[in-house]
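Here's the structure we're looking at; comments come further down.
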Protein chains: 2
Amino acid sequence: MTVKTIAKKLGISHTTVYLYLKDPETKRISPQTKKKIKLLLEQGYLRLDPHAQTLARKKSHAVAILIPMNVPYFHSVIVTESLCGIQQVLFQKRYRFVFLPSQGGDSLQILKDQLKHSGGYDGYILYGTRDSSMEEMRANVETLQKYRVPFVVLNMPELEDDINQVICQTPNAADPIRYLFQLGHRDIALLAGSSRAPDTQQSIQQYFLFFQRLGVERSAERIMYGNYEKVIARSEVLKLLSKDRGITAIVSLSDSMALGAYEAIKELGLKIPDHISVIGKDDATFASNMCPPLTTVRIPMVEMGKQAAILLFEAMGGAKPRKIYLTSELVIRESAAPAISTKSKGGEIEKVNILTI
Amino acid sequence: MTVKTIAKKLGISHTTVYLYLKDPETKRISPQTKKKIKLLLEQGYLRLDPHAQTLARKKSHAVAILIPMNVPYFHSVIVTESLCGIQQVLFQKRYRFVFLPSQGGDSLQILKDQLKHSGGYDGYILYGTRDSSMEEMRANVETLQKYRVPFVVLNMPELEDDINQVICQTPNAADPIRYLFQLGHRDIALLAGSSRAPDTQQSIQQYFLFFQRLGVERSAERIMYGNYEKVIARSEVLKLLSKDRGITAIVSLSDSMALGAYEAIKELGLKIPDHISVIGKDDATFASNMCPPLTTVRIPMVEMGKQAAILLFEAMGGAKPRKIYLTSELVIRESAAPAISTKSKGGEIEKVNILTI
DNA sequence: TGCATTAGATCAGTCGCGAAG
DNA sequence: GCTTCGCGACTGATCTAATGC
């Protein structure tokens, strides 16, 4: 049932029905007519068409979520958690949100596909994804900028000032490598995601930098790529630990990869944290239930989603771009313990004063 | 940029641009004009408006996902997993999908809100949710039926034949209570969700029925309500186990509640499965990483989502309603072990031949 | 006659303006 | 002058029918 069919049924004009819909308390309609309309509407057959409304109002009350990746969105904790925050804010303001299809290809191609039929949305939230490189992310942001449309960027490294963005920073106290070092670990392996992902690249850079500042060179041999997946992480850890017995700690870039690391370590007959310490990232629900409970870096993802939505409303209101910074936090549980000194092979940096790091 | 602005820019009519868009190989446009259009389109400024397309085509290429609950959708494993399947099928057919906002209230009110502005979508997927009762679910389905619109029902008990529905059945071999019984357990507690949820009600009914058929009456004292949340489950299990030491096994209606049960059991100084066996439901990623690894009922949720989407396309194509049945499967790990006979208080049913159950 | 192009109606709401009583 | 109501233009893409050369 549409506004016009309702009007026809009552023998009145569509304008009158519209007027009532817009404000049932309006004085512009007689009580009798109101009653007629009300009666019919209460049957509940009217369903307004948001597409027609969008066209007429030049406003859609809808936001498009752009996640340029080929795998299902909702397997990613980052996506689901942040969407919870986004949903809260959007629904509160009566906004709907939409996921646009694509025909596959790389991150750039996907976004182009999605944008092809993306006219008329009030705003956009663009995700950085595991399989887009920094260059692709930049290109995607530029594409969106070209359309001069309100948008917010999520899950990407810090970009230019004129881009609305929610960023999660890791303070020193939440840096897992530093924490492990303070516990006496010197032989730390990094369980990274995919080599193209900026957060992996950034972590690797920080990893090298950390040891460089201590005057030690670390090779790339202790960097593993688990593609943010449990099973791949498991086999990579198995492989590295089998040939490199010196490692006393592993830093994983996601809790789900930590699940795989746990399996591999146990399979090799090693104990966490006695032989190997593990630190995860995300603080997933199950982290405290792992054996031992996983020490992990909590990322405030729900809050990040919320802030992204809030920022988007600001942008849609015409505010000038800004960044919102949130911080991660180290949740200390039992999977990381002091290194057994005899195990430490990093003697050459033993004398460093950790306070200066 | 719209079709009309492109046309204006080139000094041609919008129809010509449209004709090119519809079929770039068309013979109805001269090569010169084609070249002009092509050049401008390659700049990539054109973004078709799906709302206008919907209006003109009387087809939206969009599906609305209706999840009548007040909490964020993406914290629920059922939602996220099934959405992965839905996404796969929809995107493959170039369909987008939408989440409609509501102003809160009960499941009925939420759906009404969502449907108020739901005209013009090609199809709908309606979820049964944890906080809707069977009556509410039925009412919601009826509401949707009233509009004579293609829709599929997910995560609900079996309904009338004329409703498209994906249903997950539990064969005897995947029934956790039966399995525990075969292991010698007689004092089994049920960690249910919320009392209104049909799946909880159904499980409770089956629980009582199972023991009734054995000629034993079970009271409701061993039924706990964890609201599908880890923390609530933890405190409920703590409460029951503290006062009822006879229990040797717990069946949980979700893996996340099993996480809470594990915590509670360990807190009481009991061992799984030595003192208490636990069986979960969902087979979440972390289930195999729990200590001990969780025996659980795997629900093929991604597949359910896929089938729901496939069924919806059938319905949108005018096919008559049907049901798709999938089955759950018991994933045996280590959290459920044979009951220690001295612990069993259910002596009165010891002599029953389990094969007849 | 055929080729290239275009005018204008349509979809379902929105809303300015005006008209009848 | 006031209340009550309706006409018709508009949104952007689609598509039929028709025009000009």
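Within every chain, numbering begins at 1; the chains are lettered A, B, ... in the order of the sequence lines, protein sequences first and strands thereafter.
Between the P atom of C/dG13 and the CG atom of A/L19 lies a distance of 15 Å, rounded to the nearest Å. Atoms OH (B/Y20) and P (C/dA4) sit 15 Å apart, rounded to a whole Å. The NE2-C1' distance, from A/H51 to C/dT10, rounds to 17 Å in whole Å. Here the P atom of nucleotide C/dT6 and the CD1 atom of B/I6 are 15 Å apart, to the nearest Å. Rounded to a whole Å, the CD1 atom of A/I12 is 17 Å from the C1' atom of C/dA20. Here the C1' atom of nucleotide C/dC11 and the CD atom of A/Q53 are 14 Å apart, to the nearest Å. Atom NZ in A/K8 sits about 13 Å away from atom P in C/dG13, given to the nearest Å. The separation between B/R57 atom CZ and C/dC11 atom P is 17 Å, rounded to whole Å.
Ring orientation note: the planes of A/H51 and B/H51 are tilted relative to one another, at an angle of 30° to 60°.
Here the CG atom belonging to A/L111 is positioned 6.0 Å from the OG1 atom belonging to A/T143, to the nearest 0.5 angstrom. Note that OG of A/S76 is 8.0 Å distant from OH of A/Y127, once rounded to the nearest 0.5 Å.
Side-chain contact between A/C84 and A/M301 is absent, with no heavy-atom pair separated by less than 4.5 Å. Residues B/F74 and A/S82 fail the side-chain proximity criterion, which asks for heavy atoms closer than 4.5 Å. With a 4.5 Å cut-off on side-chain heavy atoms, B/L10 and B/I37 count as touching. Residues B/T80 and B/H75 are not in side-chain contact: their nearest non-hydrogen atoms beyond the backbone lie 4.5 Å or more apart. Side-chain contact between A/V152 and A/L126 is absent, with no heavy-atom pair separated by less than 4.5 Å.
Residue contacts for B/H14: at a heavy-atom cut-off of 4.0 Å it reaches a base atom on one of the strands shown. Within the 4.0 angstrom heavy-atom criterion, only backbone atoms of the sugar-phosphate kind lie near A/K58; the bases stay farther away. Nucleic acid contact for B/L21: none, since no nucleic acid atom lies under 4.0 Å from a heavy atom of the residue. Nucleic acid contact class of A/T54 (heavy atoms, under 4.0 Å, all strands): none. The residue B/T16 sits close to a base: some heavy atom pair falls under 4.0 Å. Heavy atoms of A/T15 sit under 4.0 angstrom from at least one base atom.
A cation-pi arrangement is found for B/K146 relative to A/Y45, the charged atom lying closer than 6.0 Å to the ring centre and inside a 45° cone about the ring normal. Under the 6.0 Å distance and 45° angle rule, B/K93 counts as a cation-pi partner of B/F313.
The C1' atoms of five pairs define one axis at each end of the helix from C/dG2-D/dC21 to C/dG21-D/dC2, and these two axes lie 80° apart (to 10°).
Comparing A/K4 and B/P50 by the nucleotide of DNA chain D whose heavy atom lies nearest to each, the residue mapping closer to the 5' end is A/K4. Sequence order on DNA chain C of the closest nucleotides to B/K34 and B/L55 puts B/K34 first from the 5' end.
Under the side-chain hydrogen bond (donor to acceptor under 3.5 Å, both in side chains) criterion, the residue pairs touching residues 111-122 of chain B are A/R47-B/S118, A/Q53-B/H117, A/R96-B/Y121, B/S60-B/D122, B/Y73-B/Q114, B/Y95-B/D122, B/Q109-B/D113, with sequence neighbours excluded. Evaluation of the salt bridge (Lys or Arg N to Asp or Glu O under 4.0 Å) test over residues 154-163 of chain B, restricted to residues two or more places apart or in two chains, returns B/R138-B/E160.
A salt bridge does not link B/K320 with B/E314: none of the charged nitrogens is closer than 4.0 Å to a carboxylate oxygen.
Of all nucleotides in DNA chain D, those with any atom nearer than 4.0 Å to a heavy atom of chain A start and finish, going 5' to 3', at D/dT4 to D/dG12.
Residues A/Q307 and A/E303 bring a donor and an acceptor atom of their side chains to less than 3.5 Å of each other.
For DNA chain D, the neighbouring residues in residues 23-32 of chain B, judged by any heavy atom under 4.0 Å, are B/R28. Taking a 4.0 Å limit (strictly below) on heavy-atom distances, residues 36-49 of chain B reaches DNA chain D at B/R47, B/L48, B/D49.
Separation of the B/F97 and B/F91 ring centroids falls under the 6.0 Å cut-off.
B/H117 contributes no side-chain N or O that forms a donor-acceptor pair with the base of C/dG13 under 3.5 Å.
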